[in-house]
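Data first, discussion second: the structure below is written as structure tokens.
Values below: every heavy atom of this structure, side chains too, minus hydrogens, waters and symmetry copies. By convention in this document, chain letters (A, B, ...) are assigned in the order of the sequence lines, proteins followed by strands, and residues within each chain are numbered from 1.
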Amino acid sequence: MPELPEVETIARGLSKRVTGDVIESVWLGQKKEPLKSPASEIAAVLEQTRIATVRRMGKHIVFDLEHVNVGRTVPSAKSRRSKRNQRSTITQDKAQWIVHLGMTGHLQVCEPAIEIAKHTHAILKLASGRELRFVDSRRFGRLSVASSGDFDATGIEPLEVDLDRFIALFRGRKTPIKSALLNQKLLRGVGNIYADESLFRAGIRPRRRASSVTRERLGKLFLSVREVLTEAIALGGSSVSDYVNADGEEGFFQLQHRVYGRESDPCLVCKTPIKRIVIAGRSSHYCPKCQK
DNA sequence: ACTATTTCCTGGATGC
DNA sequence: TGCATCCAGGAAATAG
């Protein structure tokens, strides 16, 4: 289940492998769920572009693209003015491909000879001869394009927000603090694992109403979120279920989990058994003694 | 404007 | 072994 640290790790790995390569052609599968726009539109935006950068925004992977204009010349500003009626044929020179991995999404860079995995929804043929494939068994992942290159995810980056703005996010919210942490319109990138781990380190019960958490505790949470995400990125993310990075390597932050997936196990601080409850349909883990 | 609930999806685990 | 059932959960859609 890729959250911010996993997506960051994947984006960094992909950046090393495909930056500068050119997308020559695109095949998209028949399943419509993973596509946020019609397949023809997505293909048209991606084809004949150079991958300028690969980066993460929240849980999204953003490919910044530049059109390469093979086999045609971009009209000069002068001729553009003189042929206004052809304006619609002029292609934007910047675009973006936005990938959300959902629960089980993978991006693989491989040779064309490699067997096409079940649940492959997109294949981008690259000028280097390799292919960039999107595989997602559960189809919770999403592919979209921003033809003008102005994609902006909702919410604030948790590793960039300052303390005051962080505290303001929770003001007056009756929802459980855990739900607020998971709300991508507030903070972007925190998912179930890192919400639980951050709340444990801050000593806050996941069900506590966001508005009832003191400023002081929110300050602690602010630091915990940063700490947990930073440590997780350094360890390449958490490999639960089948997560691997762009090079097929596992992360190691799952070894640092203090509450997630540890139901009934002793709290590492006080030995009280870790509790598991369900909040908004998600399993939530906490220590009933250390978290208030 | 908020908040809570439901829905989408498949593979792996579990139970009988 | 087979078959049914449950569960994982991000985010959009829906309801209140």
Does Y194(A) have its ring centroid less than 6.0 Å away from the ring centroid of F253(A)? yes
Using a heavy-atom cut-off of under 4.0 Å over every strand shown, decide if R282(A) touches base, sugar-phosphate, or nothing. base
Do the side-chain N or O atoms of [X] get closer than 4.0 angstrom to the phosphate oxygens (OP1, OP2) of [N]?
{"X": "K59(A)", "N": "dA11(C)", "value": "yes"}
{"X": "K118(A)", "N": "dG11(B)", "value": "yes"}
{"X": "T175(A)", "N": "dA4(B)", "value": "yes"}
{"X": "H100(A)", "N": "dA11(C)", "value": "yes"}

Here's a test of your reading of the structure: between S137(A) and A280(A), which maps to the more 5' nucleotide of DNA chain B? A280(A)
Look at the side chain of [X] and decide which nucleotide, out of [options], has an atom nearest to it.
{"X": "R173(A)", "options": "dC2(B), dA4(B), dT5(B)", "value": "dC2(B)"}
{"X": "H119(A)", "options": "dA12(C), dT3(B), dT10(B)", "value": "dT10(B)"}
{"X": "E3(A)", "options": "dA4(B), dG11(B), dG10(C)", "value": "dG10(C)"}

Atom-to-atom span, [atom1] of [X] to [atom2] of [N] - whole angstrom:
{"X": "N183(A)", "N": "dT3(B)", "atom1": "CG", "atom2": "P", "answer": "9 Å"}
{"X": "K185(A)", "N": "dA4(B)", "atom1": "NZ", "atom2": "C1'", "answer": "14 Å"}
{"X": "L182(A)", "N": "dA11(C)", "atom1": "CG", "atom2": "C1'", "answer": "11 Å"}
{"X": "I98(A)", "N": "dA11(C)", "atom1": "CD1", "atom2": "P", "answer": "14 Å"}
{"X": "Q184(A)", "N": "dA13(C)", "atom1": "CD", "atom2": "C1'", "answer": "17 Å"}
{"X": "F134(A)", "N": "dC9(B)", "atom1": "CZ", "atom2": "P", "answer": "14 Å"}
{"X": "I279(A)", "N": "dT6(B)", "atom1": "CD1", "atom2": "P", "answer": "16 Å"}
{"X": "R139(A)", "N": "dA11(C)", "atom1": "CZ", "atom2": "C1'", "answer": "17 Å"}

Scanning both residues in full, the closest heavy-atom pair of V7(A) with P2(A) reads CG2-CB, 4.0 Å
Tell me the closest heavy-atom pair linking G237(A) and T9(A), and the distance in Å. N-OG1, 4.1 Å
Presence of salt bridge, K94(A) and D64(A), under 4.0 angstrom: no
Pairing of R165(A) and E160(A) as salt bridge, 4.0 angstrom limit: no
Checking H121(A) now: which residues fulfil ring pair (Phe, Tyr, Trp, His ring centres under 6.0 Å) with it, not counting sequence neighbours? none
Does a sphere of radius 6.0 Å around NZ in K292(A) hold more than 12 heavy atoms from other residues, nucleotides or ligands, not counting ones at 6.0 Å or beyond? yes
Please list, chain by chain and in numerical order, all residues satisfying side chain to side chain donor-acceptor pair (under 3.5 Å) with T49(A), sequence neighbours excluded. none
Please identify each residue that fulfils side chain to side chain donor-acceptor pair (under 3.5 Å) with Y260(A), with sequence neighbours left out. none
So which protein nitrogen or oxygen atoms get under 3.5 Å of nucleotides 6-8 of chain C's nitrogens or oxygens?
from   : atom 1 : to      : atom 2 : distance (Å)
dA8(C) : OP1    : R276(A) : NH2    : 2.3
dA8(C) : N3     : R138(A) : NH1    : 3.3
dA8(C) : N3     : R138(A) : NH2    : 2.7

In residues 29-40 of chain A, which residues come under 4.0 Å of DNA chain C by heavy atom? none
Under 3.5 Å, is there a donor-acceptor pair linking the side chains of R130(A) and S128(A)? yes
Let me check something: do I274(A) and I204(A) share a hydrophobic cluster, defined by ILVMFWY side-chain heavy atoms less than 4.5 Å apart, either directly or through other members? no
Please list, for nucleotides 14-16 of chain C, all pairs of protein and nucleotide N/O atoms separated by less than 3.5 Å.
none

Do any N or O atoms from the side chain of R173(A) and from the backbone of L169(A) form a donor-acceptor pair under 3.5 angstrom? yes
